[in-house]
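Notes follow the structure.
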There are 2 protein chains.
Amino acid sequence: MTMNAAGGRRRPPTIHDVAREAGVSRGTVSRVLNGGHYVSPAAQEAVNAAIRRTGYVVNRHARSLITGRSDSIGFLLTEPQEKLFEDPNFNVLLRCCTQALAAHDIPLLLMLAGTQDERRRITRYITAGHVDGVLLVSSHSADPVAEQLHEAGVPLVQCGKPMGRGTKVSYVAADDRDGARDMMRHLLSLGRRRIGMVNGPVDTPGGVDRLAGYKEVLTEAGLEIDERLIVSGDWGRASGEAGAERLLAQAPDLDAVFVASDLMAQGVLAALQRAGRRVPQDIAVGGFDDSPAALASSPELTTIRQPWDRISAEMVRVLLAQIGGEDPAAVILPTELVKREST
Amino acid sequence: MTMNAAGGRRRPPTIHDVAREAGVSRGTVSRVLNGGHYVSPAAQEAVNAAIRRTGYVVNRHARSLITGRSDSIGFLLTEPQEKLFEDPNFNVLLRCCTQALAAHDIPLLLMLAGTQDERRRITRYITAGHVDGVLLVSSHSADPVAEQLHEAGVPLVQCGKPMGRGTKVSYVAADDRDGARDMMRHLLSLGRRRIGMVNGPVDTPGGVDRLAGYKEVLTEAGLEIDERLIVSGDWGRASGEAGAERLLAQAPDLDAVFVASDLMAQGVLAALQRAGRRVPQDIAVGGFDDSPAALASSPELTTIRQPWDRISAEMVRVLLAQIGGEDPAAVILPTELVKREST
DNA sequence: CTGAAAGCGCTTACAG
DNA sequence: CTGAAAGCGCTTACAG
């Protein structure tokens with residue numbers, strides 16, 4: 001029972017009303033609604049006119065009850081809400097996923113579940129069939145939400161490689177390790193030899209793989225791994241600032257820093273400036289992500305570009321395939337070195 | 001047809017399976033599901049055990065088909081997506097609304113509709129019954145989405161006073177005019193007499209009412225309204241910076257600025273600093289919102305606090321009442337002057 | 001307190 | 001190409 005604009009009560013028209021109005025059966029109306037196959041042009045016409053006259057809109061609940069589909073996708077962020085606003089990567093990813101879904105005319109529902117309570121509520125909501133599948137974004141290592149949704153049989157694609165037991169959960173990720181290698185080779189090619197690293201949390205795949213790339217290249221170049229050159233933050237700007245300060249204290253002779261996120265790199269730049277070190281003359285700084293933060297920095301950051309547009313498109317593709325019955329899949333996409341002013 | 005964790009196909013258990021398992025009728029299972037009224041403790045017990053054993057989860061589509069409810073609320077932002085990330089007010093409002101809904105155990109679905117195409121898609125989605133009601137956020141004057149949803153009979157509450165024809169749409173807003181008056185009286189009480197204003201867009205209610213408050217207090221104080229002292233921006237930081245530059249050029253003798261948003265006030269502070277004017281010694285600056293931007297500024301902003309927690313709680317209250325059949329309502333909440341360092 | 005039954009609004013084989 | 005009919009999984013008066 002809804003109210004129309006005039007405030008009067010009105011029963012929304014059903015397929016039955018349309019059928020009567022068009023002088024056909026309800027089956028025929030339904031066929032028109034679902035693509036117009038096996039319908040004569042005359043009937044087609046009559047039904048469309050009736051739909052217009054009655055202002056008919058399909059009742060989603062009834063349709064979904066039969067098809068088992070809701071024709072919508074959830075974009076679930078299991079992070080404190082602040083993350084969404086602080087980290088420009090989320091902004092980009094969200095926009096790209098919206099666009100990728102728009103190509104299929106599917107609306108994206110953003111779900112924020114930063115607290116335990118919200119995660120419980122949203123898990124129940126999803127499990128009950130409100131969305132056909134979930135694009136899951138979480139930088140945390142072992143996400144219980146992913147586990148629960150997967151157990152419940154909800155089609156699911158993670159952004160970034162999930163850690164832990166190699167479950168059968170789909171994911172799409174950039175090649176973190178190879179990206180780190182590219183940056184390190186770049187820094188070495190500039191003649192830098194005391195290269196520090198401000199890493200992300202080591203309980204995240206990004207933290208693990210970017211560190212691995214860092215070490216690999218140093219070893220290949222015949223350089224020692226000096227643990228005083230390695231610190232880690234939490235991906236956020238402030239932690240990059242703190243990390244750079246620790247590096248300067250532990251290894252004052254460093255001549256380059258590879259920072260595992262652009263946001264942390266902004267903090268690193270601030271700390272270096274305060275310490276009177278010039279970038280890139282004294283210390284070269286390389287970031288990771290090529291997020292909007294890279295261009296907003298001064299000097300502009302040399303960084304490793306994560307192909308968010310392709311990542312999003314692949315996440316949507318894999319998810320829709322899975323909803324269609326296909327098995328999970330993992331997709332790894334190459335990164336790209338973007339040279340700017342900071343190296 | 002969903003897949004379980006093992007990958008095998010499995011038909012999700014229905015109320016029928018639970019009834020058989022518990023040795024009762026489906027009606028009894030349904031009664032347990034809906035609050036357990038008129039059910040014996042023994043039956044209650046048996047049903048709950050059967051639910052646990054079968055892993056039953058209610059099928060939302062079937063339930064919604066009957067009740068006509070989806071038990072979820074949409075938070076719709078008809079702004080370019082960037083706004084969400086740039087303006088800290090949205091962050092606060094989103095968090096507060098989430099909390100207000102959580103008190104009713106209702107999940108919030110965030111819907112971003114910045115483009116024409118997205119607005120069309122999401123309007124159809126909402127109209128089809130996916131959500132029971134909409135919390136609408138839009139700083140624009142005449143929002144066609146609001147109109148369409150209202151026409152379709154979707155319960156709707158706007159954040160901020162809608163402009164234009166006084167439709168019967170519910171809204172919750174802070175008392176912009178009174179807030180502006182408080183700030184102006186405060187500036188006058190400090191002895192300032194050449195008070196400029198960086199206003200928001202004049203086609204928004206905020207822009208109209210805050211300007212009205214500004215002029216009112218000046219007139220009451222017997223001061224001239226000098227149009228060279230009034231400029232307007234788009235609520236964003238950059239426009240505040242540009243606005244302050246224009247003010248300094250048009251009225252170099254100004255001794256205070258009332259800025260219609262904290263975000264623009266940040267820009268104003270930057271411009272004043274660049275121009276070598278000290279705040280508050282040379283020029284006092286008052287903001288509006290008391291958003292996180294006010295504390296992030298240097299000096300910290302004196303501003304007018306919008307009571308976002310109450311605004312959110314009222315939006316939710318009015319929306320739920322409307323879903324329950326009540327008529328629309330408008331709620332205006334008082335603001336509060338917060339004195340900090342910039343005045 | 002409980003079961004049998006009707007019905008929510010749609011889709012989809014099934015006969016024609 | 002089209003209609004009559006079954007059925008999706010649930011809730012809710014209605015009798016007991």
Side-chain angles (χ1 to χ4, degrees), chain A residues 1-2 9-48 50-51 54-71 124 127-130 132 152-153, chain B residues 1-2 9-48 50-51 54-71 124-125 127-130 132 153:
Chain A
M1 187 112 64
T2 60
R9 287 173 185 284
R10 180 185 56 175
R11 195 181 57 78
T14 73
I15 203 171
H16 189 251
D17 300 318
V18 177
R20 185 164 12 82
E21 183 85 13
V24 299
S25 74
R26 297 177 312 180
T28 297
V29 175
S30 181
R31 277 178 218 111
V32 171
L33 253 29
N34 292 285
H37 305 304
Y38 304 104
V39 184
S40 68
Q44 180 96 248
E45 192 66 25
V47 169
N48 281 137
I51 288 176
T54 54
Y56 172 76
V57 179
V58 67
N59 180 317
R60 284 297 328 178
H61 305 308
R63 173 180 285 177
S64 293
L65 177 55
I66 300 195
T67 63
R69 294 281 179 81
S70 70
D71 298 320
R124 200 170 8 135
T127 309
H130 271 109
D132 295 335
Chain B
M1 187 112 64
T2 61
R9 284 169 188 288
R10 179 187 55 175
R11 194 180 57 77
T14 72
I15 205 172
H16 189 250
D17 300 319
V18 175
R20 186 163 11 81
E21 183 83 13
V24 299
S25 75
R26 298 178 311 182
T28 298
V29 175
S30 181
R31 277 177 219 113
V32 172
L33 253 30
N34 292 286
H37 305 303
Y38 304 103
V39 184
S40 68
Q44 179 96 249
E45 192 67 24
V47 169
N48 282 136
I51 288 175
T54 54
Y56 172 77
V57 180
V58 67
N59 180 317
R60 283 297 328 179
H61 305 309
R63 172 178 287 177
S64 293
L65 177 55
I66 299 195
T67 63
R69 295 279 179 81
S70 70
D71 298 319
R124 199 168 11 132
Y125 183 82
T127 309
H130 271 109
D132 295 334

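Order of the sequence lines fixes the chain letters, A, B, ..., with proteins taken first and strands second; residue numbering starts at 1 for each chain. The figures here come from the full heavy-atom set of this structure, side chains too, leaving out hydrogens, waters and symmetry mates.
The separation between B/Glu45 atom CD and C/dC1 atom P is 16 Å, rounded to whole Å. Regarding A/Arg63, its CZ atom lies at a distance of 19 Å from the P atom of C/dC8, rounded to whole Å. Atom P of nucleotide D/dT12 and atom CG of B/Leu33 are separated by 11 Å, given to the nearest angstrom. When rounded to the nearest whole Å, the span between CD1 of A/Ile15 and C1' of C/dT11 equals 8 Å. When the P atom of C/dG9 is taken as reference, atom CZ of A/Arg26 falls 10 Å away, rounded to whole Å. Atom CG of A/Asn34 is separated from atom C1' of C/dC10 by 9 Å (rounded to the nearest Å). One interatomic measurement links the two molecules: CG of A/Asp71 to C1' of C/dT11, which rounds to 13 Å at whole-angstrom precision. A/Arg69 places its CZ atom 14 Å from the C1' atom of C/dT11, with the value rounded to the nearest Å.
Residue A/Ala62 places its side chain closer to C/dG9 than to any other of C/dG9, D/dG9, D/dT2. Distance from the side chain of B/Val24 is smallest to C/dG3 among C/dG3, D/dT2, C/dG7. Of the candidate nucleotides D/dT11, D/dG9, C/dC10, D/dT11 has the atom nearest to the side chain of B/Thr67.
Checking the phosphate oxygens (OP1, OP2) of C/dG3, a side-chain nitrogen or oxygen of B/Ser25 falls inside 4.0 Å. Contact annotation: B/Ser40 side-chain N/O to C/dC1 OP1/OP2 distance is not under 4.0 Å. For C/dC10, neither phosphate oxygen OP1 nor OP2 lies less than 4.0 angstrom from any side-chain nitrogen or oxygen of A/Asn59. Contact check, B/Thr28 against C/dT2: no side-chain N or O comes under 4.0 Å of OP1 or OP2. Not one side-chain nitrogen or oxygen of B/Tyr38 sits closer than 4.0 Å to the OP1 or OP2 atom of D/dA13.
For the C1' atom pair drawn from D/dG16 and D/dT12, the interatomic distance equals 16 Å after rounding to whole Å. Going from the P atom of C/dA5 to that of C/dC1 covers 23 Å, rounded to whole Å.
As judged by a 4.0 angstrom heavy-atom cut-off over every strand, A/Ser30 is placed among the base-contacting residues.
Using a 4.5 Å cut-off on side-chain heavy atoms (C-beta onward), A/Ser30 and A/Asn34 make contact. In this structure the side chain of B/Val47 never reaches within 4.5 angstrom of the side chain of B/Glu21, judged on heavy atoms.
Scanning both residues, A/Ser70 and A/Ser64, for their nearest heavy atoms gives CA-OG, 3.8 Å. Pairing each heavy atom of B/Tyr56 with each of B/Ile15, the nearest pair is CE1-N, 3.4 Å. A pairwise comparison of heavy atoms in A/Val39 and A/Ala43 identifies CG1-CB, 3.7 Å as the closest pair.
Evaluation of atom-type donor-acceptor distances gives no pair under 3.5 Å for the side chain of A/Arg60 against the base of C/dG9.
Pair assignment for D/dG3: C/dC14, on the basis of Watson-Crick or G-U wobble contacts that are both within less than 3.5 Å.
Ion pairing between B/Asp71 and B/Arg60 holds under the 4.0 Å rule for side-chain N and carboxylate O.
If A/His37 and B/Arg31 are placed on DNA chain D by their nearest nucleotide, the residue sitting closer to the 5' end is A/His37.
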